[in-house]
Amino acid sequence: MTNSNKKPITIITGCLGSGKTTLLRKLLKKPELQHNTAVIVNEFGKIGLDHHLLKKTDEKTVLLNGGCICCNNREDLENELKSFLSMDHNKDASINRIIIETTGMADPSPILFTILTNPLLQHHYYIESVVATVDTKNGLLHLKNNPELVKQVIVADKIILTKTDISTLEEKEELMRQLHRINPSCEVHEAIHGDIGIDILKVDHQSLSISKIEAEPLKIENTNHYDSNIKSISFTFNSPLDWTAFGLWLSALLHANGEDVLRVKGLLDVGEDGPIVLNGVQHIIHPPEHLDTWPDNVKHSHLVFILRSIEPMDIEKSLKSFQFFLGTDIEVLELITAL
Amino acid sequence: MCILCGEFVMQIHWTDKTSTDETEILVGDLQRTRMRTRLHRAKLCNKILSYYRLKLEDWHGSKFVLRDLKGNQEIVHDLGALWGTAEKMLGGPINPLDPNLLQQIQEEQNLLRNENK
């Protein structure tokens, strides 16, 4: 499905004081975003935001039956997004992008769930990217003390390191290593005082390309960490896989273990010209996007799982057993345990 | 809404989404492609479901019907509903990480390989 008629949504998340609002304020000053961007914030922090299409909502989560944390509806957002939609349709304002700023404590997955499953919203909006800001000076401390940040990093497509001007190089490098351990599929950018191009809101699939991954060799070390339950594993496939079969396997896996499969991300070769971009957070899978060409022209499937309390080896065993079914060989590319 | 069973279809399951905007194939040549993918999917499903003694059949290209050996049957709309319905019928979970299931698959594969030799 193409997203040509849908409005992109960017979610900005991050710890309290990590620079979400500073980033947002700078971004909203850019001419490309000044007029057509609507903003929803969940809290007003120290830094004031001045924007004509700004709404404040109080986080209001409606618990649905099922009891899974990711599958909750954010009614407040639903209402705001619907009101923006009617503003746009009534020509009261022309809106072509929405930015949602979450609270520092928020888990972004209910936002994804709300937008991707609501019968109205899913046809008018799509999630372009989830951006997490991480304070470089205090990031390691935050990761240790705030489990929400770990969740935010896992869900993020891009991470922005803020306050790099007041931190040391060692702090930055250590933090980047930790972030990579938590979410190996994530792009990391830097911004001082929120200065960053608007490309940060847009998504390209470069970061998933295999050439990018091989370019950064990694040492796997098992040193002290916050949540020893979170582990990740990535796979590569030697030949095109059967998309229908893979969909079956993945949907069964998520049905049984969705809460513990924190993230699935990958570029998959299914025998077409371009790959399929797979992006999932717990039970929620973004509509798979078929690309026309491979990024960097390197044709190589790549799949990352970030897991909680599931042994990555179990996933590997399962994929290997289902090999006959998927029509391709599977190789483990990188295994990061004991985060 | 499905006119056969009166079920509201609120959600297109992610496995049913295609690369083009034409998520609904109405008539014509594409119908054949659509049918082919549905049959292919049912066939693949049965490969997994056979370990649980269940069977899935395409039903007039609009739904799937899930049966067990006792003659129980349920209408299933898509893969999102399939696993839940199958679990209800079985009274137990279906988990692709289940070591027993994986062992069973492996043994069967080994057997097949030996036969081919």
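Side chains included, hydrogens not; waters and symmetry mates left out as well; all remaining heavy atoms used. Within every chain, numbering begins at 1; the chains are lettered A, B, ... in the order of the sequence lines, protein sequences first and strands thereafter.
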So do [Y] and [X] actually touch side chain to side chain, heavy atoms under 4.5 Å?
X	Y	answer
B:L79	A:H255	no
A:L253	B:W83	no
A:F322	B:L102	yes

Distance (rounded to the nearest 0.5 Å) between [X] [atom1] and [Y] [atom2]:
X	Y	atom1	atom2	result
A:K320	B:Q109	NZ	CD	15.0 Å
B:E108	A:S321	CD	OG	12.0 Å
A:N257	B:L97	CG	CG	4.5 Å

What pair of heavy atoms forms the shortest contact from B:H40 to A:D242, and how long is it?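 B:H40 and A:D242 have their closest heavy atoms at NE2-OD2, 2.8 Å.
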Count the heavy atoms of every other residue, nucleotide or ligand shown that sit under 6.0 Å from CG of B:N110, and state whether that count exceeds 12.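 Enclosed: over 12 neighbouring heavy atoms sit under 6.0 Å from CG of B:N110.
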Tell me whether B:K43 at atom NZ has more than 12 heavy atoms from other residues, nucleotides or ligands lying less than 6.0 Å away.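 No, NZ of B:K43 has 12 or fewer neighbouring heavy atoms, counting only those of other groups under 6.0 Å.
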For chain B, which of A:A245, A:G280, A:A256, A:S318 has the most heavy-atom pairs under 4.5 Å?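 The answer is A:S318.
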Against chain A, label B:Q103 side chain, backbone, both or neither, depending on which of its atoms sit under 4.5 Å from a heavy atom there.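 No part of B:Q103 comes within 4.5 Å of chain A.
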Walk me through it: do A:T244 and B:T37 pass the test side-chain contact (heavy atoms from CB on, under 4.5 Å)? CA-CA 8 Å; A:T244 314; B:T37 52; 5.5 Å; no
Among all residues two or more places apart in sequence or in another chain, which pass the salt bridge (Lys or Arg N to Asp or Glu O under 4.0 Å) test with B:R53?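 B:R53 satisfies salt bridge (Lys or Arg N to Asp or Glu O under 4.0 Å) with no residue once adjacent residues are dropped.
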Please determine, among B:I94, B:N95, B:L82, the option with the most heavy-atom pairs under 4.5 Å with chain A.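 Heavy-atom pairs under 4.5 Å are most numerous for B:N95.
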Part of A:I310 lying under 4.5 Å from any heavy atom of chain B: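 Looking at A:I310, just its side chain touches chain B.
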